[in-house]
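Structure first, then comments.
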Protein chains: 2
Amino acid sequence: MLATVGHTSCQAATLRELALRHTTRTYHRGETIRAEGQRSESIYIVLDGWAEQHAQLRDGRSQVLAVYLPGQMCSADSFGEERLDGTLSALTRLRLGEIERDRFSAYISLYHDAAFELAASQRLQSAIQRRWLMCLGQRSALERIAHLMCELFVRQRVSGQAREWSCPFPLTQQQIAKICGLTQVHTNRVIQELRRRDLAVITRKQLRLIDFEALSATALFDPSYLQ
Amino acid sequence: MLATVGHTSCQAATLRELALRHTTRTYHRGETIRAEGQRSESIYIVLDGWAEQHAQLRDGRSQVLAVYLPGQMCSADSFGEERLDGTLSALTRLRLGEIERDRFSAYISLYHDAAFELAASQRLQSAIQRRWLMCLGQRSALERIAHLMCELFVRQRVSGQAREWSCPFPLTQQQIAKICGLTQVHTNRVIQELRRRDLAVITRKQLRLIDFEALSATALFDPSYLQ
DNA sequence: GCGACATGTTAACCCAGGTTATTGTCACGG
DNA sequence: CCGTGACAATAACCTGGGTTAACATGTCGC
């Protein structure tokens, strides 16, 4: 099953390389990179750590819209947009490469491959968003969290950041809750249930998949959307 | 509030025109246009009626991922993708323009504007998806349905298909339920509640917004994402 | 080694929305 | 004119997950 997504994406390498030739900056956990509605004059590439985009309702409720892992471009899908439609912030201590939009546009029209990569990245983000819609609309709490674990594991595996059956997982239960549209309390219950069933455990910011087959079965996880 | 989205999008006109010079075909309500996983050799443009994209879980649960109105390109965001990640089907009697991918690609590289339109259409779809994520993750049933009404009204108003405070709304309660991730029964309860509160009523496939201000307030609706 | 704040755990209670099933209403074809 | 099937409306009952609040266990700075 995992064989289909086994090769390392070359996107990460290229973007990373490009970003390193420009400004990089470090953010601490929870720090806002770019607030909703602000004009976005730059594009960002995750060099280290995890980032996230979320939107907020007037009354305080908020929902995570995307999680960005090392090598990914943040908010590729709002490239060309005047203003961001969600707040970008750091899920962990985070190092980000930043490239001004005009410079990046120039680069894109110069290197045909880069334009293709941008489009591919947008499509991937969009595909993930559609999966999340299915999760939030139809899956139970248990299925959602199991699905999130599977997704983040596979995404990290594709870009070579996972060992055999474990991978970095630096999220707090609070953060998992916001991604899955649940409360922190119920998230805790579900994580214990997954542990009790010997499917997966989170220890010291590491996710260990005890039984990946069984986990993806309970999550109804199908990795094809991750290419 | 509506003033910001008042102008008619020229996208519809151009794409429509292009599509009319190619194959058109009519589907009946509920008919599948393109099934999940199939290779998509064509792109589709809605000429008349409403279309929808949905994904399905092995156990039968299904979730609508996007609703396409006249003038829109279906699955712009999977253009360039090998295979569709959701089933495309007709919400109503539907007339669709169909253009082979290669032909469309050629057209795009020829007319610079078309490429820009495609990108804009992808971004809009993506922005709507993010809103839906927020709806499914955070909003109550009442808020979701109110939000859907607001969104579909404004989208139709932008493309000139709405009168003053009413617009076509050819969805059954079953279809609304699937869009909002609710059951048909609860959808019925909520629609009645909206009617009782004198916010909106659906009669003979038409939505009448009795009090749009109040409706968008209860939905926490902010139309800025629709450009 | 200690205070303080962030995380994780647990328990009791509650309600929005799901489930199932019956009935009403309308449109359409024969 | 009636049968059939799609759609809408109700009702009774149940449960997954929210809410609140207390407590335990880090972990970090000083």
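Convention: sequence-line order gives letters A, B, ...; per-chain numbering from 1.
One atom, CD of A/Glu193, and another, P of D/dG16, lie 11 Å apart when rounded to the nearest Å. In this structure, A/Ile191 places its CD1 atom 12 Å from P of C/dT10, rounding to the nearest Å. Nucleotide C/dA6 holds its P atom 14 Å from the NZ atom of A/Lys178, rounded to whole Å. When rounded to the nearest whole Å, the span between NE2 of A/His186 and P of C/dT10 equals 15 Å. Atom CD of A/Gln138 is separated from atom C1' of D/dG17 by 16 Å (rounded to the nearest Å). As rounded to whole Å, 13 Å separates atom P of D/dG26 from atom NZ of A/Lys205. The interatomic distance linking B/Ile202 (CD1) with D/dC7 (P) rounds to 14 Å, in whole Å. Distance A/Arg93 CZ to D/dC28 P: 11 Å, rounded to the nearest Å.
Residue A/Arg195 places at least one side-chain N or O closer than 4.0 Å to OP1 or OP2 of C/dT9. Using a 4.0 Å cut-off, some side-chain N or O of B/Asn188 falls inside it from OP1 or OP2 of D/dA9. The phosphate of C/dT9 has OP1 or OP2 within less than 4.0 Å of a side-chain N or O from A/Gln173. Close to D/dG18, at under 4.0 Å from its OP1 or OP2, lies no side-chain N or O of A/Arg61.
The shortest heavy-atom contact between B/Ala90 and B/Leu94 is CB-CD2, 3.7 Å. Taking both residues in full, the closest heavy atoms of A/Ile179 and A/Val67 are given as CD1-CG2, 3.8 Å, listed atom of the first, atom of the second, then distance.
Of the listed nucleotides (C/dG17, D/dA11, D/dT19), D/dA11 has the atom at the smallest distance from the side chain of B/Val185.
In terms of polar N and O atoms assigned as donor or acceptor, the side chain of A/Arg189 never comes within less than 3.5 Å of the base of C/dG8 in a complementary pairing.
Between A/Glu31 and A/Arg93 there is no salt bridge, since no side-chain N of the basic residue sits under 4.0 Å from a carboxylate O of the acidic one. Between B/Arg144 and B/Glu151, none of the side-chain N atoms (NZ, or NE/NH1/NH2) sits under 4.0 Å from a carboxylate O, so this pair counts as no salt bridge.
Counting any heavy atom pair closer than 4.0 Å across all strands shown, B/Thr183 reaches a base atom. At a threshold of 4.0 angstrom between heavy atoms, the contacts of A/Leu182 are confined to the sugar-phosphate backbone, with no base atom among them. At the heavy-atom level, B/Arg144 lies nowhere under 4.0 Å from the strands shown. Heavy atoms of A/Gly181 sit under 4.0 angstrom from primed sugar atoms or phosphate atoms, though from no base atom.
Ring-plane geometry between B/Tyr225 and B/His147 is classed as parallel, the angle between the planes falling under 30 degrees on a 0 to 90 degree scale with a further cut at 60.
Projected onto DNA chain C by closest heavy-atom contact, B/Val190 and B/Gln184 fall at different nucleotides, the more 5' of which corresponds to B/Val190.
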